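In what follows, a structure is listed as structure tokens, so that the remarks can point back to it.
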Amino acid sequence: MDNPDDRQLVTRMELANRVFFRMYQCANMLHKTGSRAVAAEGLTTQQWAVLGALSHPKAAGGMSVGDLARYLMVSRQNLSGLISRMERDGRVRSAPDGRDRRSRLVSMTEAGRQVWEEQATPQIHAYYEDVLGDFSISDISHTLHYLLKILNNMKRLDNDVGGDSDADDVMTP
């Protein structure tokens with residue numbers, strides 16, 4: 001006779017595999033369809049994320065590259081190239097941090113704020129509605145709850161192997 005605990009473990013692992021594969025697919029589709037949603041504004045999903053972070057009231061005075069990298073959960077190296085391109089396009093600026101000369105503060109330019117508020121945000125809201133239009137507020141709330149639960153567990157794993165744990169200390173969207 002089969003051990004019910006073994007069957008339960010197999011079922012759990014099969015479901016876990018499906019969850020993580022679907023998250024992988026969602027991340028890829030977000031990049032593809034999200035970039036398409038803001039392409040007319042000359043943005044990518046990565047630039048959308050940077051402008052979104054910098055539009056947060058807690059980032060009004062700018063954010064250090066390290067804080068921005070932790071908040072977006074990307075490497076400083078990847079973020080540096082992205083910021084350089086966004087500076088070239090006039091969307092953001094970086095300047096030495098007055099409190100720590102080794103650190104640079106990144107902030108949105110007026111042109112970046114105009115693109116964000118007047119052009120990108122309406123397109124992003126339309127994208128959200130296209131993707132989540134058949135979700136109730138409860139569905140969205142539950143989805144957010146479970147994604148945050150997964151994210152927090154992943155951050156715990158990252159911290160266990162010496163990763164950076166300060167993302168929550170920066171700001172919460």
Side-chain angles (χ1 to χ4, degrees), residues 20 22-133 135 140 143-144 147-148 150-152 154-155 157-159 161-173:
F20 281 88
R22 295 300 181 214
M23 285 192 325
Y24 174 78
Q25 289 178 314
C26 284
N28 289 329
M29 288 302 291
L30 170 61
H31 177 66
K32 180 181 178 181
T33 61
S35 288
R36 194 178 304 138
V38 292
E41 288 69 40
L43 298 174
T44 64
T45 52
Q46 294 90 349
Q47 292 170 335
W48 160 0
V50 168
L51 291 178
L54 295 175
S55 72
H56 198 281
K58 290 183 180 179
M63 289 181 75
S64 74
V65 174
D67 285 345
L68 189 55
R70 279 188 293 278
Y71 179 64
L72 297 174
M73 296 181 196
V74 298
S75 72
R76 288 178 195 220
Q77 293 80 7
N78 287 344
L79 187 59
S80 292
L82 180 60
I83 289 170
S84 293
R85 288 187 296 281
M86 293 179 76
E87 279 185 296
R88 180 198 66 212
D89 295 341
R91 305 277 167 75
V92 301
R93 74 173 71 73
S94 66
D97 184 342
R99 298 165 298 188
D100 179 359
R101 290 305 226 186
R102 297 168 299 158
S103 182
R104 298 192 63 75
L105 287 179
V106 180
S107 57
M108 207 180 317
T109 62
E110 247 340 284
R113 187 163 306 285
Q114 182 177 1
V115 165
W116 176 252
E117 291 175 356
E118 296 174 17
Q119 297 168 311
T121 298
Q123 296 304 318
I124 292 166
H125 288 175
Y127 176 75
Y128 291 163
E129 194 54 38
D130 285 344
V131 174
L132 299 174
F135 278 50
I140 296 168
T143 301
L144 180 59
L147 288 172
L148 285 171
I150 290 169
L151 181 60
N152 285 331
M154 288 176 167
K155 288 192 306 191
L157 284 176
D158 189 42
N159 293 338
V161 294
D164 219 339
S165 64
D166 296 334
D168 280 343
D169 297 339
V170 180
M171 60 188 175
T172 304

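For this chain, numbers begin at 1 and follow the sequence in order. None of the values given here were measured: they were computed from a predicted structure.
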Nearest heavy atoms of [X] and [Y], plus distance in Å:
X: T109; Y: V92; answer: CG2-C, 3.5 Å
X: L51; Y: M108; answer: O-CE, 3.3 Å
X: S107; Y: L54; answer: C-CD1, 4.1 Å
X: L68; Y: A53; answer: CD1-CB, 3.7 Å
X: M23; Y: M154; answer: CE-CE, 3.9 Å
X: S80; Y: V65; answer: OG-CG1, 4.5 Å

Could you grab the distance from atom [atom1] of [X] to atom [atom2] of [Y], nearest 0.5 Å is fine?
X: L157; Y: N152; atom1: CG; atom2: CG; answer: 11.5 Å
X: M73; Y: Y71; atom1: CE; atom2: OH; answer: 9.0 Å
X: T44; Y: H31; atom1: OG1; atom2: NE2; answer: 7.0 Å
X: R76; Y: R70; atom1: CZ; atom2: CZ; answer: 5.5 Å
X: R104; Y: I83; atom1: CZ; atom2: CD1; answer: 9.5 Å
X: R91; Y: E41; atom1: CZ; atom2: CD; answer: 8.5 Å

ask   = Should the ring pair Y127 and W48 be called parallel, tilted or perpendicular, given that the plane angle runs from 0 to 90° and is split at 30 and 60?
value =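 If you compare the ring of Y127 with that of W48, the planes turn out perpendicular.
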request  = Using a strict 4.0 Å threshold on nitrogen-to-oxygen distance, state whether K155 and D158 make a salt bridge.
outcome  =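 So K155 does not pair with D158 through a salt bridge.
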query = Is the shortest distance from a Lys or Arg side-chain nitrogen in D97 or R99 to a carboxylate oxygen in the other one below 4.0 Å?
reply =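 Yes, D97 and R99 are salt-bridged.
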task = Sort and list the pairs that fulfil salt bridge (charged side-chain N to carboxylate O under 4.0 Å, His left out) and have at least one residue in residues 43-52, not counting sequence neighbours.
result =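 Qualifying pairs: none.
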query = Got a donor-acceptor contact below 3.5 angstrom from the Q123 side chain to the A120 backbone?
reply =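 Answer holds: no.
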inquiry  = I'd like to know if the side chain of S94 reaches the main chain of V106, judged simply by a donor and an acceptor atom lying under 3.5 Å from each other, with no hydrogens or angles considered.
reply    =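 It does not hold such a pair.
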task = Taking the side chain as every heavy atom from C-beta outward, state whether V50 and L72 have any pair of such atoms under 4.5 Å apart.
result =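 When only atoms from C-beta onward are counted, L72 and V50 do touch, with a gap below 4.5 Å.
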Using residues 110-118 as the side-chain source, report each donor-acceptor pair under 3.5 Å to any protein atom, sequence neighbours left out, with the distance given to one decimal.
from : atom 1 : to   : atom 2 : distance (Å)
Q114 : NE2    : E118 : OE1    : 3.4
W116 : NE1    : S55  : OG     : 3.3

